[in-house]
Every structure is written in structure tokens, then in C-alpha cells.
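Written below as C-alpha cells is the structure these notes are about.
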Number of protein chains: 2
Amino acid sequence: MFFSIDPNGDVPIYEQIVRQIKLAVADEVLVGGQMVASVRQLAGELAINPNTIARAYQQLQSDLVLEPLRGRGMVVRRDAIKRCTKARNSIVADGVSRALADALAGGMSPDELRELFEAELSRQSQLIQSNQANASENGTST
Amino acid sequence: MFFSIDPNGDVPIYEQIVRQIKLAVADEVLVGGQMVASVRQLAGELAINPNTIARAYQQLQSDLVLEPLRGRGMVVRRDAIKRCTKARNSIVADGVSRALADALAGGMSPDELRELFEAELSRQSQLIQSNQANASENGTST
DNA sequence: TCCTGTGTACTGGTGTGATAGTACACCGAG
DNA sequence: CTCGGTGTACTATCACACCAGTACACAGGA
């Protein structure tokens, strides 16, 4: 599939998977009715214990994003995109809010903040474009 | 002093203290040569084990923000403000970067992002102003 | 039916954070 | 000097999250 996992990050692996799947649904990379990789398959690809994937899938199931088909696998719910775009918005808003709180507590001015924001935005936009270019050269996907 | 600690947050208590002291130095609320609350005093105020405070102070000492005066307490280093503003900038940039990565991975457009950013900025700026107003009414400080 | 693949449950190890208790070396005031 | 304050060190304990390993129950195809 398309995940990038950081095993040494401060966020748990299962939560990284949950978040990335929600973002993929919000971005319509994963659409309703589509099946996701099985626990063992994804675990093999990412070199992670299947239980960790299973835990992420359970979380996504209780968040009404995935639906289990017993004996067959997990499928994206038809109505998941609404919840995922909503979740995406609150995830982003929360991140921005935390960063802003730190910035203002540290005495950073709004103008400094805007400058930093735009710089990061253009940097990451550019980074995404180059990634897409690389991906189109060879049909790569993880 | 002025700390707000969330014992149930995802970040450790000692790290919250480290971060808030760095931000306070960057904002010149704490200036070079000024002494900080003692381990036992701050532990009493925040209802936290003194060992946790000591751990935060050790971290700040190895980060060259605080300096021990044996038998007297901890003092803010004269040259700490440079490091703290630098640390503040990287903390904020990191937070913004994470939020942007999520937003772009979730298919959010740059314009949506700017809108969200400005909304959060004005909201938190206003929130700070009202806090300052409350603080000036009564000479409160923790 | 048998086999393979699916999700799921249970158990245990490991690392980390927080707390408690105690003890030590140092400084400054009385 | 003595006493109360300071930071520091060390050990032990508890709780919790994360993860690995294994075994189980179920569905579908040969």
C-alpha cells in the first residue's frame, strides 16, 4: 500500500496506521467498499507484528471507518469519507492549535508565525510534487 | 509561578515543565540571572513528586538553560535566551510541519489550510488577550 | 471434508513514566 | 558550629502502553 511508518516516533505504530488510513479515505485514495490489506499481509509489508495491525483495524472498526467481513477481510464503509474528512479537519486543527499555543506562549509574533507557516507550506507542497513525479516515473506503491 | 500541567496528557509531566520553562525564557518572562522555584517548592505548588521536577531541571541543565548554584538553587543562564528562542522556533516549526503533512496527506487544499490557520490564530490571540485582562484585574500568578 | 486465509483473544515481556523513600554534599544565615 | 534550605543520587515499586508470540473460531474454495 502506501504507508510510511516510523517505529521510533513518539506516536504508537497502530495509531500511525489509523491516522494514515483515515487520511487516505479523506483523500479518496481509499473509497467506500474497497478492501484493505489483510492483517498479516500489511504486517509483512511493514515488518510489524500482525497484532499491531489488528489493533489499528479494531480502532478503525470502532471509529466506524472499516467493517469486518468475517473470514474475508476488512472493507471501507460507504459512509466513512464523511467521518474521515471531519477527523482530518480536527486532526489538522488540533495540530495547528498546539503549535500556535507554543508559539504565542513563547512570544512569537503573528507575522513571524505567518512567515513560518507559508515557508513550511511551500516546502511541503514542493516536496509532494517531486514525490508524485518520482511515483509516475515507475509505478511504485507500497 | 505560571505553569499549567496536564497529568493525563500524552506528553510526560517533566517534559511539559521543560518546554514551558524554555518558552518562558524565550518570552523573557524568565530572564538571565533569575532564580527559578526550588524543586520542593514547585513540586508542592503543582502537587507533583519532587523527583519529577528534579528530572525536568536536570534536562534543562543539560540543555544549558539552567545553571545550578550549589546549595542555593537553580538560575537561568545569561545566554539561555538565544537557545530558547531557537528551541521555540524549532518546536513551532515542527508542530506546523506535522500538521501540514497530515493536511496535505488528507487532500486538504492550501487555501483551506490558510483559512484554518488564520481562524486558529485569531481565536488564540483573542484568548490570550482576555487572559491578560483577567490577570491584570488581580495580581495573580502561580 | 480439508485447507487456507481471515479477524480475534489471550498471555507475557519490555520499556517508560511517575511516585515514594532515603541518604548525601553543599551553601548561607543565625 | 548548627540548622534549614538547596540540588543530587540511588533504589524500589507501581501502572500503563506497546508489542510479540501463539492459539482459536470462522468463512470460502478445491
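Naming convention: chains lettered A, B, ... in sequence-line order (proteins, then strands); numbering from 1 in each chain. Note that the coordinates shown come from a computational prediction; the quantities given were computed from them, not determined experimentally.
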Using whole Å, report how far [atom1] of [X] lies from [atom2] of [N].
X     : N      : atom1 : atom2 : result
B:L42 : D:dG5  : CG    : P     : 17 Å
A:Q59 : D:dC18 : CD    : P     : 10 Å
B:D10 : C:dA18 : CG    : C1'   : 16 Å
B:I5  : C:dT19 : CD1   : P     : 11 Å
B:Q58 : C:dA18 : CD    : P     : 14 Å
A:L46 : D:dA20 : CG    : C1'   : 16 Å
A:L60 : C:dT8  : CG    : P     : 11 Å
A:I17 : C:dG7  : CD1   : P     : 13 Å

Under-4.0 Å side-chain N/O to phosphate OP1/OP2 contact, [X] with [N]:
X     : N      : answer
B:Q61 : D:dT8  : yes
B:S38 : D:dT6  : yes
B:Y14 : C:dG17 : yes

Which one, [options], comes nearest to the side chain of [X]?
X     : options                : answer
A:T52 : D:dC18, C:dG17, D:dA20 : D:dA20
B:N49 : C:dG17, C:dA20, D:dC18 : C:dA20
A:I48 : C:dT8, D:dA20, C:dA18  : D:dA20
B:V39 : D:dG7, C:dG7, D:dC19   : D:dG7
B:P12 : C:dT8, C:dG17, D:dG7   : C:dG17
A:R72 : D:dG28, D:dC19, C:dA18 : D:dG28
A:I13 : D:dC19, D:dT8, C:dG21  : D:dC19
A:R40 : C:dT19, C:dG17, C:dT6  : C:dT6

Pair B:R114 + A:E118: basic N to acidic O under 4.0 Å: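 A:E118 and B:R114: salt-bridged.
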Hey, are B:D79 and B:R83 close enough for a salt bridge, meaning a charged N less than 4.0 Å from a carboxylate O?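 Yes, this pair counts.
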Return yes if the base of C:dA18 and the side-chain atoms of B:N51 contain a donor-acceptor N/O pair under 3.5 Å, otherwise no.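 Under the 3.5 Å cut-off, the side chain and the base do not form any donor-acceptor pair.
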Rounded distance (nearest 0.5 Å) linking atom CG of A:L100 with atom CZ of A:F117: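 Reported value, rounded in 0.5 Å steps: 9.5 Å.
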To the nearest 0.5 angstrom, please state how far the CG atom of B:L66 sits from the CG atom of B:D63.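 B:L66 CG to B:D63 CG: 9.5 Å, rounded to 0.5 Å.
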Between A:R55 and B:R70, which is nearer to the 5' end of DNA chain D once each is assigned its nearest nucleotide?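 Looking at the nearest nucleotide for each, B:R70 comes out on the 5' side.
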Shortest non-hydrogen contact from A:I5 toward A:Q20: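 Distance-wise, the nearest heavy atoms are CD1-NE2, 4.2 Å.
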For a quick test of reading the model, state the closest non-hydrogen atom pair linking A:K22 to A:L60 and the distance between them.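 In terms of heavy atoms, the two residues are closest at CG-CD2, 3.9 Å.
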